[in-house]
Amino acid sequence: MAEPTDVQRPSGALIVAVLALLLLLLTLFSAWTVISGASSEFLITTLAALVLPSILVATVLAGAALGVVAIGRVADLARVPSRLLYGALGGLPVGLLSLGGTIAAYHNGPSVAFVAAVAAVTGVLGGAFAAIRPISSVAAGVAGGVTVSAIGLLVAYFQNDLVDLFGNQETVGTMAEAAARLQLTTSIVSGVLGGLVAYVFLRRTGLTLPWPAYLLAGAIPGVLELGATLLGWIGRLPLTGIIEDYSSFDAQIVFNRLPEQVNHGMIVFFAGAFTAMVAVGRTMRRPD
């Protein structure tokens, strides 16, 4: 039987939740395979600091997706405390899953309790984020966010081939330039596709919504990316100190990831919002 289509339970929200959970499981498995192969505390800590932001992005998306489902089924939409409570409760299982996955991947590293706690809190905060109205815009935005993250995983998997495609000539200079071009292209393309997916999702609900709802849906992938980046910075604080004790060069590499992630989130934010606005604008009738 098809999901009901109404303001409180937008059609497709459950499917988005399943996809977001699959994305989280895939991200946690990827982190485990990367970190488990490390042989020293320094390497384990460095790899954990590098992969933590991607774990938190997947966590906040899954938390928001389950928050949408929980709010739609049990919350009183007219009451903000009710939406916040049930949204956070919906994100709690995601936080616990992320906590468990983080501990499994990083159990031999220092400050594991702090890092795992940040992962758990991220899931709860993602669920609480779903309290924003209209809830259908949140569901659409999460669908766009899953698209953005999926593109990121694909780019990471084919990283070497894509860097060569963007001009890598096996020198330090050309490699850096190719990586920068690839990152910018990835951010723009994923932002545009994320905004387009959010728009299509919202249109297919069949709900009559004003244009700001589409603007919100298109912007949400970038908002969640930026929120996860902030939480990732907090989660990496004890790790970067440990890395710096071993190698200031490697610590600088970890530090440099923050502005790169902020730039990515900002591009996704503006590209997604702009794309959703252009898409909905083309459907509006001109006044006679």
Side-chain angles (χ1 to χ4, degrees), residues 12 15-28 30-31 50-65 122 126 129 137-168 177-204 214-232 256-280:
I15 296 174
V16 172
V18 171
L19 292 175
L21 284 173
L22 288 175
L23 176 68
L24 175 58
L25 290 173
L26 181 61
T27 304
L28 289 172
S30 176
L50 291 173
V51 303
L52 180 61
S54 61
I55 293 175
L56 297 186
V57 169
T59 301
V60 76
L61 285 170
T122 300
F129 180 84
S137 291
V138 180
V142 172
V146 170
T147 302
V148 171
S149 293
I151 292 172
L153 287 176
L154 285 174
V155 170
Y157 185 79
F158 295 103
Q159 177 85 21
N160 293 335
D161 294 332
L162 290 172
V163 168
D164 292 340
L165 181 65
F166 276 79
N168 176 31
E177 291 176 359
R181 285 193 289 266
L182 173 60
Q183 184 177 26
L184 177 61
T185 303
T186 300
S187 298
I188 294 173
V189 170
S190 60
V192 169
L193 290 179
L196 189 60
V197 168
Y199 162 76
V200 171
F201 181 97
L202 208 51
R203 290 288 291 183
R204 288 180 64 85
Y214 290 87
L215 175 64
L216 174 63
I220 281 176
V223 171
L224 294 179
E225 287 271 351
L226 291 169
T229 297
L230 173 61
L231 291 167
N256 289 342
R257 290 290 294 150
L258 179 61
E260 293 175 2
Q261 290 156 1
V262 171
N263 288 340
H264 172 70
M266 292 296 292
I267 292 172
V268 169
F269 172 81
F270 285 109
F274 179 76
T275 300
M277 281 300 302
V278 169
V280 73

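Throughout, residue positions are numbered sequentially from 1 according to the sequence presented.
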Give me the atom names and distance for the closest heavy-atom approach of L50 to P53.
O-CD, 3.5 Å

Kindly indicate whether the side chain of L224, heavy atoms from C-beta on, has any atom under 4.5 Å from the side chain of F129.
yes

Measure from the side-chain N and O atoms of T275 to the backbone N and O of A271, and report whether any donor-acceptor pair falls under 3.5 Å.
yes

Would you call I220 and V138 a side-chain contact if the rule is heavy atoms closer than 4.5 Å?
yes

Under 4.5 Å between any side-chain heavy atoms of L153 and L23, yes or no?
yes

Search all heavy atoms of P221 against all heavy atoms of G144 and return the closest pair with its distance.
CG-C, 3.7 Å

Only pairs at least two apart or in different chains count here, so list each side chain to side chain donor-acceptor pair (under 3.5 Å) that has a residue in residues 53-65.
T59-S98

Min side-chain heavy-atom separation H264-T229 under 4.5 Å:
no

Within the structure provided, determine whether S149 and E225 are in side-chain contact (heavy-atom separation under 4.5 Å).
yes

Heavy-atom closest contact (A65 atom, A20 atom, distance)
CB-CB, 4.0 Å

pair L182-T186: side-chain heavy atoms closer than 4.5 Å:
yes

Can you confirm whether V148 sits close enough to L193 that some side-chain heavy atom of one is under 4.5 Å from a side-chain heavy atom of the other?
no

Check whether any side-chain heavy atom of V142 lies under 4.5 Å from a side-chain heavy atom of F201, and answer yes or no.
no

